[in-house]
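Take a look at the structure below.
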Amino acid sequence: SRTRLAVGALTVLTGLALAAAPRAEAQPRDGQRMATPSDFWRAVHNPDWSRAQRLVRQAVVLRGAAFMRDQRTGGIRGSHEQAALLERAIVRLERALELVPGDAEILYELAVTLLDYDDPSTAGPDMDDEAVATLHALRATDPSYRADDVAFNLGVLHTRGERFADAAR
């Protein structure tokens, strides 16, 4: 009976020690999401998906560089360098969308990049209509994908275009 009690206590203590032990988990690098088994099968099913993901990562880096450029210039939007970086990001995202049509992540990243774009040679934002159309395409493809962000960005775009009734929806 003492042996049983000792074995039982040892089992409980071992279980508690293992439950409380920190787990080593891989963490993604900044701006990257972790690959999952479903990503593997998605890449097997559609080999272009991996290339599209690489293009999306490149576009996000370019958009970040444009944002950093914006910060260095004191928040003045519309510099030629910033526009060039965002144009390069847009080209990559459009290519990714050609590879994987209707992908929600690509549609979202494209819409946000279009929203950020401001052509320095004109007085106002140039690609707001394209951004709105892309966000609506995203909603049609996957209504639950970042739904709050999509609604917020649509509100921003409609407000910029002085379409206040649309912005309130």
Side-chain angles (χ1 to χ4, degrees), residues 28-36 38-40 42-169:
R29 287 192 268 173
D30 291 336
Q32 294 181 350
R33 65 183 188 83
M34 290 181 52
T36 64
S38 62
D39 290 343
F40 170 79
R42 190 170 182 186
V44 168
H45 177 69
N46 184 355
D48 289 335
W49 184 80
S50 294
R51 174 74 179 134
Q53 289 302 301
R54 217 171 6 264
L55 289 167
V56 169
R57 285 192 303 272
Q58 292 170 358
V60 168
V61 167
L62 287 167
R63 193 172 71 227
F67 175 76
M68 293 304 295
R69 172 69 183 144
D70 184 44
Q71 294 302 309
R72 283 195 309 264
T73 59
I76 300 170
R77 289 178 44 107
S79 73
H80 290 282
E81 181 182 347
Q82 182 187 32
L85 289 168
L86 290 173
E87 286 168 3
R88 290 169 49 198
I90 290 167
V91 167
R92 282 171 173 73
L93 290 166
E94 287 172 342
R95 175 70 181 125
L97 204 51
E98 289 172 8
L99 293 170
V100 186
D103 184 88
E105 179 184 6
I106 298 170
L107 285 167
Y108 179 79
E109 294 297 339
L110 178 59
V112 170
T113 305
L114 291 168
L115 180 133
D116 288 342
Y117 182 80
D118 189 13
D119 189 345
S121 62
T122 63
D126 285 349
M127 300 194 175
D128 285 358
D129 292 336
E130 292 91 340
V132 169
T134 304
L135 288 170
H136 283 299
L138 170 57
R139 273 190 168 169
T141 301
D142 186 354
S144 65
Y145 186 84
R146 299 186 73 159
D148 292 339
D149 293 332
V150 170
F152 176 80
N153 287 328
L154 280 170
V156 167
L157 289 163
H158 288 310
T159 301
R160 264 197 215 166
E162 297 182 2
R163 295 182 300 270
F164 301 114
D166 290 334
R169 282 191 249 157

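None of these values were measured; they are calculated from a predicted model.
- The main-chain N or O of Leu115 is found under 3.5 Å from a side-chain atom of Arg160 such that the two form a donor-acceptor pair.
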ask   = Run the side chain to side chain contact (heavy atoms under 4.5 Å, CB included) check on Leu154 and Val132 step by step: do they pass?
value = CA-CA 6 Å; Leu154 280 170; Val132 169; 4.1 Å; yes

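- The structure places CG of Leu85 at 11.5 Å from OG1 of Thr113, a figure rounded to the nearest 0.5 Å.
- Here the closest heavy-atom approach between residue Leu157 and residue Arg163 is recorded as O-NH2, 3.8 Å.
- Put simply, CG on Leu138 and CD on Glu109 are 10.5 Å apart, with the number rounded to the nearest 0.5 Å.
- Here the CZ atom belonging to Arg63 is positioned 8.5 Å from the CG atom belonging to Leu86, to the nearest 0.5 angstrom.
- The CG atom of Asn153 sits 11.5 Å away from the OG1 atom of Thr134 when rounded to the nearest 0.5 Å.
- In terms of heavy atoms, Ala111 sits closest to Ala131 at O-CB, 3.8 Å.
- Classified by interplanar angle (parallel below 30°, tilted 30° to 60°, perpendicular above 60°), the ring pair His136/His158 is tilted.
- For the pair Val112 and Tyr108, the minimum side-chain heavy-atom distance is below 4.5 Å.
- To the nearest 0.5 Å, atoms CG (Leu99) and CZ (Arg54) are separated by 10.0 Å.
- Looking at heavy atoms from C-beta onward, Arg95 lies out of side-chain contact with Arg51 at the 4.5 angstrom threshold.
- Put simply, CD on Gln82 and OH on Tyr117 are 10.0 Å apart, with the number rounded to the nearest 0.5 Å.
- Leu62 approaches Ala89 most closely through the heavy-atom pair CD1-N, 3.7 Å.
- You'll find the side chain of Asp116 stays beyond 4.5 Å of the side chain of Phe67, heavy atoms only.
- Applying the side-chain contact (heavy atoms from CB on, under 4.5 Å) rule to Leu97 yields the partners Ile106, Leu107, Leu110; only residues at least two apart in sequence or on another chain are considered.
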